[in-house]
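Scroll down for the structure; my scribbles are underneath it.
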Amino acid sequence: EVQLVESGGGLVQAGGSLRLSCAASGFTFDDYCIGWFRQAPGKEREGVLYICSSDGSTSYADSVKGRFTISSDNAKNTVYLQMNSLKFEDTGVYYCGAAAKTYKTYGLLMYGWYDYWGQGTQVTVSS
């Protein structure tokens with residue numbers, strides 16, 4: 001059974017930091033890229049960044065460049081999202097998803113390429 005389990009969300013003041021984790025199981029980790037998406041109330045799910053563990057390639061949305069960092073522990077099949085200098089507009093439910101790495105050329109900041117999703121974790125940034 002495929003599982004993606006997010007953890008680490010919470011309430012933080014603007015300017016603060018949080019670290020999210022996404023633990024994956026049930027599929028071959030190296031065959032997939034793991035992306036983080038977020039969804040604010042009334043808005044569409046937005047691609048934030050992703051990493052492909054097979055070659056370490058990453059891509060970031062402009063809105064988080066210089067503030068967010070993605071990393072992967074392949075031994076643990078876990079991807080981490082380090083969020084620094086958080087802003088009010090970073091508030092939302094954060095989801096991790098898994099997309100086959102063959103889709104990387106099509107742009108993995110679009111949620112349509114993802115096969116599997118976690119349940120999400122809430123991040124709330126107070127201004």
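Note on Val48: it does not cluster hydrophobically with Met110, by side-chain heavy-atom contacts below 4.5 Å among ILVMFWY residues. Cluster annotation: Leu109 is not connected to Val64 through the hydrophobic network of ILVMFWY side chains, with a link wherever side-chain heavy atoms come within less than 4.5 Å. A single hydrophobic cluster is not seen to contain both Tyr80 and Leu49; linkage of ILVMFWY side chains at heavy-atom distances under 4.5 Å, directly or through other members, places them apart. Clustering ILVMFWY residues whenever any of their side-chain heavy atoms sit less than 4.5 angstrom apart, transitively, puts Leu11 in a cluster other than the one holding Leu18. Following chains of ILVMFWY side-chain contacts shorter than 4.5 Å, one can reach Val79 starting from Tyr116, so the two form part of one hydrophobic cluster.
At distances below 3.5 Å, at least one donor-acceptor pair connects side-chain atoms of Glu6 with backbone N or O atoms of Gly120. Formation of a donor-acceptor pair under 3.5 Å by the Thr121 side chain with backbone atoms of Tyr94 is not found in this model. Tyr95 contributes no side-chain N or O that, together with a main-chain N or O of Gly35, makes up a donor-acceptor pair within less than 3.5 Å.
Lys101 and Asp55 are not joined by a salt bridge, as no carboxylate oxygen comes within less than 4.0 angstrom of a charged side-chain nitrogen. Ion pairing of Lys65 with Asp62 is present here, as a side-chain N (NZ or NE/NH1/NH2) and a carboxylate O approach within less than 4.0 Å.
A donor-acceptor contact under 3.5 angstrom links the side chains of Asn74 and Ser72, judged on distance only. Side chain to side chain, Asp30 and Ser54 fail the donor-acceptor criterion of an N or O pair below 3.5 Å.
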* I would like to know whether Ser63 and Glu46 meet side-chain contact (heavy atoms from CB on, under 4.5 Å); could you show each step before the answer? => CA-CA 11 Å; Ser63 59; Glu46 171 193 19; 3.8 Å; yes
* To do: List the steps, then state whether side-chain contact (heavy atoms from CB on, under 4.5 Å) holds for Tyr32 with Asn77.
  => CA-CA 11 Å; Tyr32 284 80; Asn77 286 4; over 6 Å; no
* May I have the step-by-step check of side-chain contact (heavy atoms from CB on, under 4.5 Å) for Met83 and Val123, ending in yes or no? => CA-CA 10 Å; Met83 305 187 292; Val123 171; 3.9 Å; yes
* Determine, stepwise, if the pair Asp90 / Arg38 fulfils side-chain contact (heavy atoms from CB on, under 4.5 Å). => CA-CA 8 Å; Asp90 294 319; Arg38 64 187 180 190; 2.8 Å; yes
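Taking SG of Cys22 as the reference point, atom CD1 of Ile51 lies at 11.5 Å (rounded to 0.5 Å). Separating the CH2 atom in Trp36 from the CG atom in Leu81 is a distance of 6.0 Å, to the nearest 0.5 Å.
Ring-centre distance between Phe37 and Trp117: below the 6.0 Å cut-off.
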